[in-house]
Amino acid sequence: MSSVLKVVLDVAYILLWLITGFLLLLVIAAIFIPLDNVNITVSGDSGGKQLPLTRTLLLFGLGAATAYFGGFMLILRSLRRIIRTLTMGDPFQPDNVRRLRQIGLTLAVVTGGVWVAQGFVAKRLAPGVMDPQGFGELLTPIFSVLIVFVLAEVFREGARLRRESELTI
């Protein structure tokens, strides 16, 4: 099972790496792209609104997407390393505690970033078209982050117990 999961994570990591790299190239290209008379349509439940596409808006959107996919790429990198220790038969390592904490922190930052970006778009760029997210939409992501931090503590205790058992004669 862990070898199948390793393959799935490897494929997903490579795809996220390619998507993030492509988006980063688009961010760089967006600096030089002429944007004369280009409009975008922002639509929601209550209709739509046409806005001029400014360089700032384009860079904000591409930068936010790059950060989003880059964050999940970092999460998958840590997960791949944890799975590697699992396939070797030794998952309770201190490095995995650090990796799980990094996953939790990255997931919290990505979730907070998406929430703030959607609120910014709803209030500044498309007022009346998009509704800002409420705190209710944060319950599941916050719960997920807490689970990851609890797992990190479980792994920390497992690593401590393993260290103690190695010292027992």
Side-chain angles (χ1 to χ4, degrees), residues 5-83 95-155:
L5 186 57
K6 182 186 178 315
V7 170
V8 169
L9 287 175
D10 288 344
V11 169
Y13 178 75
I14 290 168
L15 286 174
L16 276 176
W17 196 92
L18 291 172
I19 290 169
T20 304
F22 177 72
L23 286 170
L24 191 57
L25 290 174
L26 284 178
V27 168
I28 294 168
I31 295 170
F32 304 105
I33 294 174
L35 297 175
D36 300 331
N37 299 323
V38 178
N39 293 323
I40 59 169
T41 302
V42 180
S43 60
D45 295 336
S46 61
K49 182 178 182 181
Q50 201 155 32
L51 301 168
L53 182 61
T54 63
R55 188 162 320 281
T56 305
L57 181 61
L58 180 62
L59 289 173
F60 172 76
L62 288 173
T66 304
Y68 182 80
F69 285 107
F72 282 108
M73 186 181 69
L74 292 174
I75 290 172
L76 281 182
R77 184 186 73 185
S78 294
L79 280 176
R80 289 175 62 226
R81 291 178 177 170
I82 291 171
I83 292 295
D95 286 342
N96 283 346
V97 175
R98 181 183 47 77
R99 289 177 185 129
L100 282 168
R101 287 179 181 158
Q102 286 175 344
I103 289 170
L105 183 62
T106 305
L107 190 57
V109 168
V110 166
T111 300
V114 167
W115 191 76
V116 167
Q118 286 181 343
F120 175 76
V121 168
K123 288 187 186 233
R124 300 279 186 220
L125 301 178
V129 177
M130 288 179 63
D131 294 327
Q133 283 191 324
F135 286 107
E137 285 88 0
L138 286 176
L139 290 179
T140 301
I142 288 172
F143 188 68
S144 301
V145 169
L146 289 175
I147 288 173
V148 172
F149 281 118
V150 167
L151 279 174
E153 290 306 306
V154 168
F155 269 68

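Keep in mind it's a predicted model, so treat the numbers as computed, not measured.
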Between V27 and G63 the two heavy atoms that sit nearest each other are CG2-N, 4.0 Å
Within residues 59-74 or reaching into it, pairs that qualify as salt bridge (charged side-chain N to carboxylate O under 4.0 Å, His left out) - sequence neighbours excluded = none
Please identify each residue that fulfils ring-ring contact (aromatic ring centres under 6.0 Å, His included) with F155, with sequence neighbours left out.
-> F92
Minimum side-chain heavy-atom gap I75-F72 below 4.5 Å = yes
Heavy atoms of G71 and V110 approach each other most closely as CA-CG2, 3.9 Å
Would you say T54 and L58 make side-chain contact, with heavy atoms under 4.5 Å?
-> no
Cut-off 3.5 Å, no hydrogens considered: what does the side-chain donor-acceptor table look like for residues 30-38, sequence neighbours left out?
none

Which atom of G104 lies closest to which atom of F149, heavy atoms considered | C-CZ, 3.8 Å
In Å, rounded to the nearest 0.5 Å, how long is the span from CG of L100 to CG of D95?
-> 11.0 Å
Would you call P141 and L107 a side-chain contact if the rule is heavy atoms closer than 4.5 Å?
-> no
Of the options L76, L74, I82, which is the one that meets I103 in a side chain to side chain contact (heavy atoms under 4.5 Å, CB included)?
-> I82
Listed by chain and number, what are the side chain to side chain donor-acceptor pair (under 3.5 Å) partners of R80, not counting sequence neighbours?
-> D10
Please, which pairs that meet side chain to side chain donor-acceptor pair (under 3.5 Å) have at least one residue in residues 98-122, sequence neighbours excluded?
-> N96-R99, R101-E153, Q118-Q133
Can you sort out the partners of L26 under side-chain contact (heavy atoms from CB on, under 4.5 Å), two or more places apart, ordered by chain and number?
-> F22, L23, L62
